[in-house]
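The residues of the chain are indexed from 1 along the displayed sequence. FYI, side chains are in, hydrogens and waters are out, and symmetry mates aren't considered; it's all heavy atoms of this structure. Since the model is a prediction, treat every value here as computed from it, not as a measurement.
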Amino acid sequence: MSSTDPKALLPDSLAARVSTLTIKEGRAIAIVDAAGLGQQERDDIERAITDILGQREEVSETRVVMTAERTQRRIIAVGSGKGGVGKSTLTANLAIALARRGRKVGLVDADIYGPSQPVILGNQGSKPVARDKKLEPVDSPVGIPVLSMGHLVEPARALAWRGPMAGNALAQLIDAHWGDVDTLLVDLPPGTGDVQLTMLQRYKPMGAVLVSTPQDLALIDAARAGQLFDQAGVPVIGLVENMAGYACPHCGEVSDPFGRGGVETAAGRLDLPFLGRIPLDLAIREGSDRGQPPACGEDALAAPFHDIAAKVDAWIRAQG
């Protein structure tokens, strides 16, 4: 072996990423600067270096070490006081809208007993694989990697799990190979149960978004959910009013089956930001059922989700 820098054995594109390369007693050790690289890019670089050095007679073993600061992953919880208020739909569309704003977004469907994100994000039937005892997120047609119990159990199977089992399931979903994801949205089950407590204890979110319909009962439950986050020291980014206003497809008249303005009023009373309202629109339900969330588009139906995402994005940036 000559005294030439061993990095010269590699193409310039690879050598530029290699901090040091040593070959001694048949073992090659390459230290790679992996800052800013996604998991696929890391894997490709490791494979290329191993293949090239493996062809050298003087190399019997190659080890590639990736060094980079760990991605500072922000966890944003999306919660509600009760079910049926459109929390999962809001989460999926918020994820898409934040990604459109340049964030690398992943989504955890933490509603262990009633997962719906595989349907909304259009990857129902996909199964995650495990690597190094951790799950790999499942890609979706809308570009958001996601993990859900809906990917791990049969769609019609009912889960009768006690709290610790649900908490462990949540850990499997969050402690996954999220790669370069910097913003992880967690679609929580409704209420203030074991899954919420597990998340707050193990993975304290950066902030939380609360979703409610305008009716009084939903608002009471949403306030309870807000108290849970407050007690855990997790700031509430703001409140979203869902199913606010229904436009008749025949005459165009707008009615308010669940009321209107209740969430905005509650936000003012609780001194919390009001992020916006989502209308009660058949097209939102239809798009969600066929894996085409409205935020994928640029029309009037997508606008409320993008407006809410802009406020969430600004809040995240303000935290530094």
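With rounding to the nearest 0.5 angstrom, the CG atom of L239 is 11.0 Å from the CD1 atom of I308. Distance CG/D111 to CG/L170: 11.0 Å, rounded to 0.5 Å. With rounding to the nearest 0.5 Å, the separation of CZ in R101 from CZ in R103 is 9.0 Å. Once rounded to the nearest 0.5 Å, the distance linking CG of D281 with CG of L301 reads 5.0 Å. In this structure, CZ in F229 is found 15.0 Å from CZ in R224, a value given to the nearest 0.5 Å. Rounded to the nearest 0.5 Å, atoms CZ (R27) and OG1 (T62) are 10.5 Å apart.
Applying the salt bridge (charged side-chain N to carboxylate O under 4.0 Å, His left out) test to E46 and every residue at least two apart in sequence or in another chain returns nothing.
Counting only distance, with no hydrogens or angles, the side chain of R56 and the backbone of G26 share no donor-acceptor pair below 3.5 Å. At distances below 3.5 Å, at least one donor-acceptor pair connects side-chain atoms of E241 with backbone N or O atoms of G262. N93 places a side-chain N or O within donor-acceptor distance of the main-chain N or O of T89, the cut-off being under 3.5 Å. In this structure, the side chain of H306 engages the main chain of A295 through a donor-acceptor pair within 3.5 Å. Side-chain N or O atoms of R17 include one that pairs as donor or acceptor with a backbone N or O of D33 at under 3.5 Å. Judged purely by atom type and a 3.5 angstrom limit, K87 has no side-chain atom pairing as donor or acceptor with the backbone of P190.
The shortest heavy-atom contact between P145 and V105 is CD-O, 3.2 Å. The nearest pair of heavy atoms linking V195 to A110 is CG1-O, 3.7 Å. Residues A302 and G297 come closest through the heavy atom pair CB-O, 3.4 Å. Scanning both residues, A28 and L53, for their nearest heavy atoms gives CB-CD1, 3.9 Å. Between P235 and G233 the shortest heavy-atom distance is CD-O, 3.6 Å. The shortest non-hydrogen separation linking I278 to V240 is CG1-CG1, 4.1 Å.
Using a cut-off of 4.0 Å between Lys/Arg side-chain N and Asp/Glu carboxylate O, D51 and R47 are scored as not salt-bridged. Comment: D175 does not engage K134 in a salt bridge, judged by the lack of any side-chain N to carboxylate O separation of less than 4.0 angstrom.
P189 places a side-chain heavy atom less than 4.5 Å from the side chain of Q196. Contact check for P293 versus V142: side-chain heavy atoms found under the 4.5 Å cut-off. Considering only heavy atoms from C-beta on, S60 stays 4.5 Å or farther from E25 through its side chain. Side-chain contact between L228 and L197: present, with at least one pair of heavy atoms (C-beta onward) separated by less than 4.5 Å. Using a 4.5 Å cut-off on side-chain heavy atoms (C-beta onward), L282 and R285 make contact. No side-chain heavy atom of Q172 sits under 4.5 Å from any side-chain heavy atom of L147. Residues M206 and T183 fail the side-chain proximity criterion, which asks for heavy atoms closer than 4.5 Å. Side-chain atoms of V138 and L121, non-hydrogen and from C-beta on, never get closer than 4.5 Å to each other.
Hydrophobic cluster membership is shared by W315 and V209, with clusters built from Ile, Leu, Val, Met, Phe, Trp and Tyr side chains linked at under 4.5 angstrom. Cluster membership check: I45 does not share its hydrophobic cluster with I31, using side-chain heavy-atom separations under 4.5 Å among Ile, Leu, Val, Met, Phe, Trp and Tyr. Under a hydrophobic clustering in which Ile, Leu, Val, Met, Phe, Trp and Tyr are joined whenever their side-chain heavy atoms come within less than 4.5 Å, directly or via other members, I120 and F305 fall into different clusters. Taking hydrophobic clusters as Ile, Leu, Val, Met, Phe, Trp and Tyr residues chained together by side-chain heavy-atom distances below 4.5 Å, V119 does not share a cluster with L173. Linking Ile, Leu, Val, Met, Phe, Trp and Tyr whenever their side-chain heavy atoms come within less than 4.5 Å leaves I29 and L21 in two separate clusters.
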Item to complete: For side-chain contact (heavy atoms from CB on, under 4.5 Å), just list the numbers for L98 and D313, CA-CA rounded to whole Å, side-chain angles, deciding distance to a tenth of an Å, and then say yes or no.
Response: CA-CA 7 Å; L98 285 172; D313 183 60; 4.0 Å; yes
Worksheet entry | Full working for side-chain contact (heavy atoms from CB on, under 4.5 Å) between D132 and H177 | CA-CA 9 Å; D132 300 329; H177 289 293; 4.2 Å; yes
Practice prompt. Kindly indicate, with the supporting measurements, whether the criterion salt bridge (Lys or Arg N to Asp or Glu O under 4.0 Å) is fulfilled by D307 and K311.
Written response: CA-CA 7 Å; D307 290 344; K311 293 176 183 177; over 6 Å; no
Practice prompt. Decide side-chain contact (heavy atoms from CB on, under 4.5 Å) for V32 and R42; before the verdict, give the C-alpha distance in whole Å, the side-chain angles of both, and the deciding distance to 0.1 Å.
Written response: CA-CA 9 Å; V32 176; R42 293 175 182 229; over 6 Å; no
Fill in: Worked verdict on I76 versus I237 for side-chain contact (heavy atoms from CB on, under 4.5 Å)
CA-CA 9 Å; I76 304 296; I237 301 172; 3.9 Å; yes
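Side-chain atoms of N123 and H151 include a donor-acceptor pair closer than 3.5 Å. Using modelled atom types, one finds a donor on one side chain and an acceptor on the other under 3.5 Å when comparing Q40 with D44.
Residue R290 places its CZ atom among more than 12 non-hydrogen atoms of other residues, nucleotides or ligands, all under 6.0 Å distant. Other residues, nucleotides and ligands contribute only 12 or fewer heavy atoms inside 6.0 Å of the CG atom of D12.
No option in S88, S116, S148 other than S148 meets the side chain to side chain donor-acceptor pair (under 3.5 Å) test with D109.
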